[in-house]
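Because only heavy atoms are used, hydrogens play no part in the values below, and waters and symmetry mates are left out as well, while side chains stay in.
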Amino acid sequence: MAKLGEGDKRWIVEDRPDGTNVHNWHWSETDCLDWSRNFLSNLLGNKTLLSGEGNLFIKTKKLDKLDGEAYVNVRKGKIIPGYELNLVLSYEAEAKDSDGKSVLLTTEGSVEVPYISDENAGEDPEIRITIKDDGPVGKRLKDAFIAKGKPFVFEKIREYVDVMSKGGPAKDDLEVKKVSVKKPVSGSAAAAAAAPPPKAGGSSEKEGKKKEKKKEGFKTITMTEKFSCRAKDLYEILLDENRWKGFTQSNAKIVKEVGGEFSIFDGSVTGKNMELQEGKLIVQQWRFGSWPDGIVSTVRLTFEEPNSGMTVVKLTHTDVPEEDRYGNATVVENTERGWRDLIFHRIRGVFGFGI
């Protein structure tokens, strides 16, 4: 037993003398906000969108603002990006007459993307486009920016999302930190290395197949939450599109019957009702737009009233993929956080069901 204050070294993770995080095994985090500003400035700033087509000229100016947070976590060599950003980009626009000689209007405008998030990595975010001159020519220039500039902005944001999913500024650092650790080879190990490979159908091949079967790439989320209400009331809220719109502040469409389809969070999540028991059970298929094609998860919500006026909801969300179609490994974490913060907590706050 170690002496008081010393600790048992077998249980202490010490920094290596050379400062190396071997194989990136330990948790490391890189702040990416400044890097994101520079990266998106280079992608979006000072770019010509129209140079005379229809006698219109539009050019982006600079990235006026990029606020929020952006980081990359690395654990056991796995990249976990996270970001919630608000972006503002300015642009200049000019319209000439039909001869292309006289200038009809020179003005400026701005583009705001209020929420770029790893949670919505597979979707185009909300975008707001404004122009200072709201006359007929200004409207024509604004429409031209929507036609040309909006797809351009979305394309560059997708490039940012893709780079972040691969490590962002931490990518080069990850390569540098990969260390080849050589261990002395014992006599038995040398003999094993020199031994002929196992024959086809041998035990090692079978073991390899077993390991492959275990690596499924899906997780199950379980959660138990308490509400100060009747089970029937909570059941109704979760199947009512108007109340979904209210507590999520987003569009929702729900067909309240077995086999009925639904779309929530502005279409980010779609699915179907598989089993419904009023005040007792909801079973649904859920699919997020950012997931790889063909992947559908199952949500099971059970409602119990152990005491009058108190409801216990038990959530089991199975077949949640570990990664989305872009390689982001935050799907399970974001889905769990969404249930807790965007659904259960908001229901308590909006409808007064807190305990």
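- Rounding to the nearest 0.5 Å gives a distance of 5.0 Å between CG of Leu85 and CG of Leu66.
- A salt bridge links Lys132 to Glu108: one of the charged nitrogens lies within less than 4.0 Å of a carboxylate oxygen.
- A continuous path of Ile, Leu, Val, Met, Phe, Trp and Tyr side chains, each step under 4.5 Å between heavy atoms, connects Phe39 with Leu33, placing both in one hydrophobic cluster.
- For Arg300 (side chain) and Thr316 (main-chain N/O), no donor-acceptor pair under 3.5 Å exists by modelled atom type.
- Within 6.0 Å of the NZ atom in Lys219, the count of heavy atoms belonging to other residues, nucleotides or ligands does not exceed 12.
- Between Arg158 and Asp124 there is a salt bridge, since a side-chain N of the basic residue sits under 4.0 Å from a carboxylate O of the acidic one.
- By the 4.5 Å heavy-atom criterion applied to side chains, Val313 and Phe303 are counted as neighbours.
- When hydrophobic clusters are built by joining Ile, Leu, Val, Met, Phe, Trp and Tyr residues whose side-chain heavy atoms come closer than 4.5 Å, directly or via intermediates, Phe344 is grouped together with Val332.
- Closest approach of Thr270 and Gly267 over heavy atoms only: CG2-O, 4.0 Å.
- One distance of note links SG of Cys229 with OH of Tyr235; it measures 14.5 Å at 0.5 Å rounding.
- Between Lys256 and Glu236 there is a salt bridge, since a side-chain N of the basic residue sits under 4.0 Å from a carboxylate O of the acidic one.
- In this structure, Tyr83 has its ring center closer than 6.0 angstrom to the ring center of Tyr160.
- Counting heavy atoms from C-beta on, the side chains of Ile131 and Tyr91 come closer than 4.5 Å.
- Although no hydrogens or angles enter the test, the distance criterion places a donor-acceptor pair under 3.5 Å between the side chain of Thr60 and the main chain of Lys47.
- Taking 4.5 Å as the limit, some side-chain heavy atom of Val299 sits within range of a side-chain heavy atom of Trp339.
- For the atom pair CD1 (Ile127) and CZ (Phe154), the distance works out to 4.5 Å, reported to the nearest 0.5 Å.
- In this structure, the side chains of Leu238 and Ile343 come closer than 4.5 Å at one or more pairs of heavy atoms.
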Exercise for the section: Report the C-alpha separation of Phe351 and Leu234 in whole Å, then their side-chain angles, then the decisive distance to 0.1 Å, and conclude whether the side-chain contact (heavy atoms from CB on, under 4.5 Å) test is met. Expected result: CA-CA 10 Å; Phe351 299 102; Leu234 192 57; over 6 Å; no

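- The backbone N or O of Asp324 lies less than 3.5 Å from no partner atom in the side chain of Ser290, so there is not a single donor-acceptor pair.
- Between Thr311 and Phe353, every side-chain heavy-atom pair lies at or beyond the 4.5 Å cut-off.
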Exercise for the section: Could you go through the side-chain contact (heavy atoms from CB on, under 4.5 Å) check for Arg348 and Phe227 one step at a time? Expected result: CA-CA 7 Å; Arg348 289 192 186 95; Phe227 296 84; 3.6 Å; yes

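- Here the side chains of Leu105 and Arg140 are not in contact, with every heavy-atom distance at 4.5 Å or above.
- When every heavy atom of Met164 is checked against every heavy atom of Ile79, the shortest pair comes out as O-CG2, 4.1 Å.
- Panel note: side chain Asn273, backbone Val255; a donor-acceptor pair is recorded below 3.5 Å.
- Using the six-membered ring where Trp is involved, Trp244 and Phe247 have ring planes that are tilted, between 30° and 60° apart.
- Contact of the Leu239 side chain with the Leu276 side chain is registered, since non-hydrogen atoms from C-beta on lie closer than 4.5 Å.
- The line from CG of Asn55 to CG of Leu50 is 11.0 Å long, rounded to the nearest 0.5 Å.
- Residue Val113 comes nearest to Val153 through the heavy atom pair CG2-CG1, 4.2 Å, listed as atom of the first residue, atom of the second, then distance.
- Between Asp64 and Ser90, the shortest heavy-atom contact is OD2-CB, 3.1 Å.
- Electrostatic pairing of Arg230 and Glu305 does not count as a salt bridge here, judged by no charged N lying under 4.0 Å from a carboxylate O.
- Remark: Lys314 NZ to Leu281 CG distance equals 13.0 Å, nearest 0.5 Å.
- Side-chain atoms of Asn307 do not come within 3.5 Å of backbone N or O of Met310 as any donor-acceptor pair.
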Exercise for the section: Tell me, with the steps shown, if Val163 and Trp35 meet side-chain contact (heavy atoms from CB on, under 4.5 Å). Expected result: CA-CA 12 Å; Val163 172; Trp35 174 87; 3.6 Å; yes

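- Linking Ile, Leu, Val, Met, Phe, Trp and Tyr residues whenever their side-chain heavy atoms come within less than 4.5 Å leaves Val161 and Tyr71 in two separate clusters.
- Between the side chain of Asp341 and the backbone N or O of His345, no donor-acceptor pair lies under 3.5 Å.
- To the nearest 0.5 Å, atom CG of residue Leu40 and atom CD1 of residue Ile157 are 7.5 Å apart.
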Practice task
Carefully, step by step, assess Phe288 and Val331 under the rule side-chain contact (heavy atoms from CB on, under 4.5 Å).
Solution key: CA-CA 10 Å; Phe288 289 72; Val331 174; over 6 Å; no

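- Summarising the geometry of Trp291 relative to Ser297, their closest heavy-atom pair is CH2-OG, 3.4 Å, with the distance given to 0.1 Å.
- Criterion: ILVMFWY side-chain heavy atoms under 4.5 Å apart, direct or through other members. Under it, Ile146 and Leu56 are part of a common hydrophobic cluster.
- Heavy atoms only, all atoms of each residue included: Thr30 and Pro169 are closest at CG2-CG, 4.3 Å.
- The closest side-chain donor-acceptor pair between Asn46 and Lys62, if any, does not fall under 3.5 angstrom.
- Considering only heavy atoms from C-beta on, Trp286 stays 4.5 Å or farther from Val320 through its side chain.
- Within the 3.5 Å criterion, the main-chain N or O of Asp67 finds no donor-acceptor partner in the side chain of Asn86.
- Under 3.5 Å, the side chains of Glu84 and Ser117 contain no donor-acceptor pair of N or O atoms.
- Put simply, the side chain of Asp266 gets close to the backbone of Asn251: a donor and an acceptor are under 3.5 Å apart.
- Ion pairing between Glu53 and Lys148 fails under the 4.0 Å rule for side-chain N and carboxylate O.
- A donor-acceptor pair under 3.5 Å is absent between the side-chain atoms of Arg346 and the main chain of Gly246, judged by distance alone.
- Hydrophobic clustering (side-chain heavy atoms under 4.5 Å, transitive across Ile, Leu, Val, Met, Phe, Trp, Tyr) keeps Leu89 apart from Phe57.
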